[in-house]
Asker: 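Submitted below is the structure of interest, expressed as structure tokens.
Chain naming here is simple, since letters A, B, ... match the order of the sequence lines and numbering starts at 1 in each.
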Amino acid sequence: MRLSQLFFSSLRDDPVEAEMPSHRLLLRAGYIRQLGSGIYSLLPLGFRVTKRVEQVVREEMNRIGSQEMEMPVVHPADLWRESGRYDAVGPEMVRFKDRAGRDMVLAMTHEEVVADLLRDIVKSYRQLPMMVYHFQTKFRDEPRARGGLIRVREFVMKDAYSIDRDDAGLDASYWAQHGAYVRIFERLGLEAIAVASDVGMMGGSLAHEFMVLNPAGEDVLVLCEQCGYAANRQVAVVPRPSPAAEDELPTEAILTPGTATIADLAAFLGIGIERTAKATFFTTGDGRLITAIVRGDFEVNETKLVNAVQATGGIRPATLDEIKAAGMEPGYGSPIGAHDTTVVVDDLAARSPNLVAGANREGYHLRNVNVPRDYTPDLITDITNAREGDPCPDCGGTVILRNGIEVGNIFKLGTKYTDALGAGYLGEDGERHSIVMGSYGIGLGRNLACIVEAHHDEKGIAWPDEVAPYAAHLVTIGAAREPRVVEIGDRLHALAADAGREILYDDRDESPGVKFTDAELLGMPWIVTISPRSLAAGGAEVTRRTTGERSTVAIETLESWLRDGFPGPEAGAA
RNA sequence: CGGGGCGUGGCGCAGUCUGGUAGCGCACCAGUCUGGGGGACUGGUGGUCGUCGGUUCAAAUCCGGCCGCCCCGACCA
């Protein structure tokens with residue numbers, strides 16, 4: 001591809017809205033352009049990388065026997081009503097009517113379509129197990145897109161679905177996908193770690209997310225460097241301290257003006273924050289007020305809370321009015337004297353004696369509050385976030401917290417969708433059974449962005465060989481005073497194309513500085529320079545983008561590389 | 001949805017407070033020079049100032065509505 005003809009434009013200045021390196025570089029190097037919030041065009045370079053990422057995923061899916069197909073982006077709403085998700089999913093699903101007035105939706109994922117196909121196609125246990133997958137556009141009207149390709153609203157995802165007779169089959173499929181994911185991320189040059197995760201709106205029994213560590217990541221991971229324990233903080237359960245036993249002292253009201261926060265309260269009373277009980281308030285999608293009590297030295301884990309109270313439609317922070325309507329005073333709140341609220345108490349807070357809690361009266365707290373003496377929880381369970389330095393649940397070591405970006409996930413769905421849609425098969429025993437499903441996603445664009453996050457320097461992108469849009473970037477210099485430069489450049493470019501290994505050819509009449517700068521920005525693994533100087537030195541100058549290592553290579557050698565492939569990374573600059 | 005910020009040529013910005021002929025750098029076009037690290041000079045092209053309405057002799061500038069984008073939070077497979 002001649003750069004002079006390429007549909008792209010590099011930018012000299014950083015676009016102001018791009019903060020993450022991947023966003024900035026993909027924009028500057030002409031790989032992507034934004035059309036709207038969370039909506040991007042892939043320019044030819046970006047498209048080529050995407051196709052290479054896709055091909056890696058395809059090969060590994062095929063390797064485990066998953067069959068490629070394609071399912072639609074537009075679905076009849078009735079299908080989603082059958083599974084119950086039409087109502088369960090919020091405004092992130094785009095809904096519209098077609099010309100005949102039928103309710104339609106844009107696909108966020110394809111469990112329903114697969115289950116619908118299953119009831120048509122699968123009749124007998126003899127057909128199982130099977131796995132299918134496709135690469136298809138999803139649209140999720142995220143409340144907030146961010147980070148360039150990291151979090152978008154429209155994106156292409158590889159989603160695979162396993163179709164099994166029973167849980168044992170599902171288990172085998174699940175771990176086959178797990179293995180494929182490990183190979184995929186390794187090939188993509190991503191250091192992804194599998195962490196235990198919440199099943200969320202997908203439902204199901206077991207789930208892992210594959211995470212790449214990144215300070216801008218939106219998930220918090222709980223990791224143990226000693227034993228390798230890894231979990232999303234949403235689900236991480238770590239050992240809790242054991243509070244020292246104390247006699248329960250009588251409750252007493254105390255004046256605590258201006259202490260609406262735990263920190264202020266503890267400072268005012270001269271006690272540690274672990275001696276306080278913190279009340280936080282949430283409202284569920286179906287309108288219940290939840291009062292969550294944790295010790296002052298812990299934070300509420302909303303995922304655990306949602307799961308504990310089985311909140312349909314999730315939870316949101318309660319409004320002041322909602323809290324007061326239940327007889328509580330924000331800033332000085334506690335379940336004592338409250339009504340019409342579900343009280344969930346963290347088990348550590350419940351075990352901790354003589355805590356200071358709110359008195360439900362502005363400027364007052366209660367000393368020596370004890371559970372269940374002073375109020376009756378509806379539920380006592382772990383609803384807190386793991387903290388940096390907490391003990392590791394597996395080895396007793398110390399956990400650390402790190403931010404991560406989810407580059408893939410795997411879910412054991414079970415029979416949630418097949419039951420809802422009535423997709424079953426006739427077993428060997430002559431009985432009808434539910435088909436057992438799993439679902440497995442990888443977002444292409446997000447992976448692409450994560451590759452750039454992991455493979456760039458101050459000059460630009462440095463693609464791993466496996467996904468680079470072109471293996472080599474051919475730069476000609478001094479064409480005006482040495483006709484052989486153009487002759488050789490043209491010949492090499494044509495030779496590579498004939499061999500089916502097209503390269504990027506900077507044939508523009510630009511100064512050397514511009515050409516080198518662009519070559520480093522665009523990030524092809526090999527930069528090949530043809531100039532009077534290189535010809536005098538014996539051929540072409542070849543630079544490895546990642547290391548900056550340079551060497552002179554005879555034109556004949558270069559020709560063989562262009563025909564047969566460049567040497568692997570281990571061969572260095574050769 | 002809450003908080004903050006921003007919309008002026010492809011990118012980055014000034015001009016808005018204090019109304020009076022739309023500017024700068026980069027990019028782009030032509031020419032000359034230069035030719036291994038975003039080179040120099042000369043001359044050019046390109047903008048209904050997000051949008052709709054109002055005030056005014058006159059609006060990028062003042063007032064109001066709407067739209068869009070970014071960041072933080074909420075949210076999220």
Side-chain angles (χ1 to χ4, degrees), chain A residues 8-20 23-24 27-28 30 33-39 85 88-93 107-111 138 140-148 150-153 155 157 159 197-204 207-210 216 218-219 232 234 282-283 285 302-303 306 313-319 405-413 416 438-443 446 459-460 475-482 485 508-521 527 529-537 541 543 548 550:
Chain A
F8 106 118
S9 173
S10 64
L11 302 174
R12 180 170 294 201
D13 300 312
D14 283 333
V16 70
E17 75 273 10
E19 301 202 333
M20 290 183 72
H23 189 193
R24 206 180 68 230
L27 236 27
R28 273 195 58 200
R33 282 294 183 268
Q34 181 169 0
L35 183 61
S37 181
I39 306 177
R85 284 160 116 191
V89 175
E92 62 266 31
M93 183 157 72
M108 301 175 62
T109 173
H110 286 78
E111 282 78 15
K138 315 286 188 242
R140 298 177 187 177
D141 196 359
E142 297 286 349
R144 187 178 147 211
R146 72 186 100 185
I150 295 293
R151 183 161 209 82
V152 292
R153 296 194 296 167
F155 58 99
M157 173 184 261
D159 40 326
S197 68
D198 185 50
V199 293
M201 80 173 213
M202 304 291 308
H208 283 89
E209 292 164 339
F210 284 78
E218 299 176 275
D219 288 282
N232 193 308
Q234 291 177 328
F282 301 90
T283 301
E302 292 189 25
T303 303
V306 166
I315 56 175
R316 59 167 171 82
T319 65
I405 298 171
E406 179 185 350
V407 288
N409 58 41
I410 56 179
F411 286 90
K412 283 191 180 183
L413 297 175
K416 174 175 171 172
S439 93
Y440 315 92
I442 293 181
R446 181 180 287 185
K459 292 174 174 172
V475 173
T476 49
I477 286 172
R481 61 181 194 287
E482 175 53 87
V485 165
R508 299 174 302 174
D509 180 22
E510 288 286 356
S511 73
V514 171
K515 290 189 163 194
F516 286 136
T517 306
D518 269 345
E520 283 156 344
L521 177 63
I527 298 170
T529 308
I530 307 282
S531 69
R533 185 198 286 187
S534 79
L535 293 176
E541 181 183 276
T543 307
R550 291 183 192 189

Asker: Between atom NZ of A/Lys138 and atom CE of A/Met93, what is the distance when rounded to the nearest 0.5 Å?
Answerer: 14.0 Å
Asker: Check every atom of B/C70, B/C71, B/G37 against the side chain of A/Arg146 and return the nucleotide holding the closest atom.
Answerer: B/C71
Asker: Working to the nearest 0.5 angstrom, can you tell me the gap between A/Ile150 CD1 and A/His23 NE2?
Answerer: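 One gets 10.0 Å once the value is rounded to the nearest 0.5 Å.
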Asker: Give me the distance, rounded to whole Å, that separates B/G23 from B/G73 when you measure between the C1' atoms they each carry.
Answerer: 39 Å
Asker: Is there side-chain contact between A/Pro532 and A/Val485, with at least one heavy-atom pair below 4.5 Å?
Answerer: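 With C-beta onward as the side chain, the pair touches.
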Asker: Both distances under 3.5 Å, Watson-Crick or G-U wobble: report the partner of B/G36, or none.
Answerer: none
Asker: Which one, B/G35, B/G36, B/G37, comes nearest to the side chain of A/Glu520?
Answerer: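 Side chain of A/Glu520 sits closest to B/G37.
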Asker: Taking the side chain as C-beta and beyond, is there a heavy-atom pair between A/Lys416 and A/Glu111 under 4.5 Å?
Answerer: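 A/Lys416 vs A/Glu111: side chains apart.
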Asker: Could you identify the nucleotide paired to B/C1, looking across every strand shown and requiring Watson-Crick or G-U wobble geometry with both distances under 3.5 Å?
Answerer: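 Pairing partner: B/G73.
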Asker: Could you work out which one of B/C11, B/G36, B/A74 sits closest to the side chain of A/Pro317?
Answerer: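 Selected nucleotide (nearest to the side chain): B/A74.
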Asker: Determine the Euclidean distance between corresponding C1' atoms of B/G47 and B/G39; express it in Å to zero decimal places.
Answerer: 29 Å
Asker: Does A/Gln234 reach a base, just sugar-phosphate, or nothing at all? Heavy atoms under 4.0 Å.
Answerer: nothing
Asker: Within the 4.0 Å heavy-atom criterion, would you say A/Gly408 contacts the bases, only the backbone, or no part of the nucleic acid?
Answerer: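 Counting heavy atoms under 4.0 Å across all strands, no contact is made by A/Gly408.
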Asker: Applying a 3.5 Å limit to both distances, which nucleotide forms a Watson-Crick or G-U wobble pair with B/C6?
Answerer: B/G68
Asker: What is the pairing partner of B/A14, taking Watson-Crick or G-U wobble pairs with both distances under 3.5 Å in any strand?
Answerer: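 None - no nucleotide pairs with B/A14, as no candidate has both distances under 3.5 Å.
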Asker: Of the options B/G36, B/C28, B/G35, whose atoms approach the side-chain atoms of A/Glu510 most closely?
Answerer: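 Minimum distance to the A/Glu510 side chain belongs to B/C28.
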Asker: Which nucleotide in the list B/G38, B/C75, B/G37 gets nearest to the side chain of A/Pro143?
Answerer: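 Of B/G38, B/C75, B/G37, B/C75 is nearest to the side chain of A/Pro143.
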Asker: Please report the interatomic distance NZ(A/Lys515) to CG(A/Asp509), rounded to the nearest 0.5 Å.
Answerer: 7.5 Å
Asker: Could you check how far CZ of A/Phe8 sits from C1' of B/G10, rounded to whole Å?
Answerer: 13 Å
Asker: Distance check, C1' atoms only: B/G50 and B/G38, in whole angstrom units.
Answerer: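 Between the two C1' atoms, the distance is 32 Å.
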Asker: In whole Å, what is the span from the NZ atom of A/Lys515 to the C1' atom of B/G39?
Answerer: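 These atoms are roughly 15 Å apart.
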Asker: Between A/Leu521 (CG) and B/G38 (C1'), how many Å, whole number?
Answerer: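 Result: 11 Å.
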Asker: Between B/C71, B/G38, B/G36, which nucleotide has the shortest distance from any of its atoms to the side chain of A/Thr517?
Answerer: B/G38
Asker: Any N or O donor-acceptor pair linking the side chain of A/Arg533 to the base of B/G37 at under 3.5 Å?
Answerer: no
Asker: Report yes or no: is there a donor-acceptor pair, N or O only, under 3.5 Å between the side chain of A/Arg550 and the base of B/G37?
Answerer: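 Answer is yes: a donor-acceptor pair is held.
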Asker: Nearest to the side chain of A/Ser37 - B/G25, B/C13, B/C69?
Answerer: B/C69
Asker: For the C1' atoms, the ones on B/C33 and on B/U16, what distance do you get once it is rounded to whole angstrom?
Answerer: 43 Å
Asker: If you measure from the C1' atom in B/C52 to the same atom in B/G68, how many Å do you get, rounded?
Answerer: 14 Å
Asker: Taking only the side-chain heavy atoms of A/Glu17 (C-beta and beyond), determine which of B/G36, B/C70, B/C13 contains the nearest atom.
Answerer: B/C70
Asker: Name the pairing partner of B/G20, where a pair is Watson-Crick or G-U wobble with both distances under 3.5 Å, or state none.
Answerer: B/C57
Asker: Between A/Asp14 and A/Pro532, just flag the one whose closest nucleotide in RNA chain B comes earlier from the 5' side.
Answerer: A/Asp14
Asker: Rounded to the nearest Å, what distance is computed from the CD1 atom of residue A/Ile315 to the P atom of nucleotide B/G73?
Answerer: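 Atom-to-atom, A/Ile315 to B/G73, this comes out as 18 Å.
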Asker: Can a side chain N or O of A/Arg12 be found less than 4.0 Å away from OP1 or OP2 on B/A27?
Answerer: yes
Asker: Quantified in whole Å, what is the C1' atom distance between nucleotide B/G54 and nucleotide B/G19?
Answerer: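 To the nearest whole Å, 15 Å.
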Asker: Assuming nearest nucleotide by heavy-atom distance, tell me which of A/Leu535 and A/Ala145 is located more 5' along RNA chain B.
Answerer: A/Leu535
Asker: Give, for atom CG of A/Asp518 and atom CZ of A/Arg12, the distance between the pair rounded to the nearest 0.5 Å.
Answerer: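 It is 9.0 Å, given to the nearest 0.5 Å.
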Asker: Distance between the P atoms of B/G5 and B/G9, in whole angstroms?
Answerer: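 Per the computed distance, 22 Å lies between those P atoms.
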Asker: To the nearest Å, how far apart are A/Lys459 NZ and B/G37 C1'?
Answerer: 9 Å
Asker: To the nearest 0.5 Å, tell me how far A/Ile405 CD1 sits from A/Met20 CE.
Answerer: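 The CE atom of A/Met20 is 4.5 Å from CD1 of A/Ile405, to the nearest 0.5 Å.
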Asker: Describe the nucleic acid contact of A/Met20 in one word from base, sugar-phosphate, nothing, applying a heavy-atom distance below 4.0 Å.
Answerer: nothing
Asker: Just call it for A/Asp509: base, sugar-phosphate, or nothing, with non-hydrogen atoms closer than 4.0 Å on any strand.
Answerer: base
Asker: NA contact type, A/Gly90, heavy-atom cut-off 4.0 Å: base, sugar-phosphate, or nothing?
Answerer: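 A/Gly90: no heavy atom of the nucleic acid under 4.0 Å.
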Asker: Over how many whole Å does the gap from A/Asp13 atom CG to B/A27 atom C1' extend?
Answerer: 9 Å
Asker: Check whether any side-chain heavy atom of A/Glu541 sits under 4.5 Å from a side-chain heavy atom of A/Arg533, and report yes or no.
Answerer: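 They are not in contact (no side-chain heavy atoms under 4.5 Å apart), so the answer is no.
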Asker: Would you please confirm or rule out a distance under 4.0 Å between OP1 or OP2 of B/A27 and any side-chain N or O of A/Arg508?
Answerer: no
Asker: Go through B/G35, B/G36, B/C69 for me and flag the one nearest to the A/Gln34 side chain.
Answerer: B/C69
Asker: Remember a base hit wins even if backbone is also touched, and classify A/Ser534 as base, sugar-phosphate or nothing at under 4.0 Å, heavy atoms.
Answerer: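 It contacts base atoms.
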Asker: Could you tell me the separation between the CG atom of A/Asp141 and the C1' atom of B/C75, rounded to a whole number of Å?
Answerer: 12 Å
Asker: Expressed as a whole number of Å, how far does the P atom of B/U51 sit from that of B/C67?
Answerer: 15 Å
Asker: Provide, to the nearest angstrom, the distance between the CZ atom belonging to A/Arg153 and the P atom belonging to B/C69.
Answerer: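 That distance rounds to 7 Å.
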Asker: Is A/Phe155 close to A/Arg446 at the side-chain level, that is, under 4.5 Å between some pair of heavy atoms?
Answerer: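 In short, these two side chains do not touch, never coming nearer than 4.5 Å.
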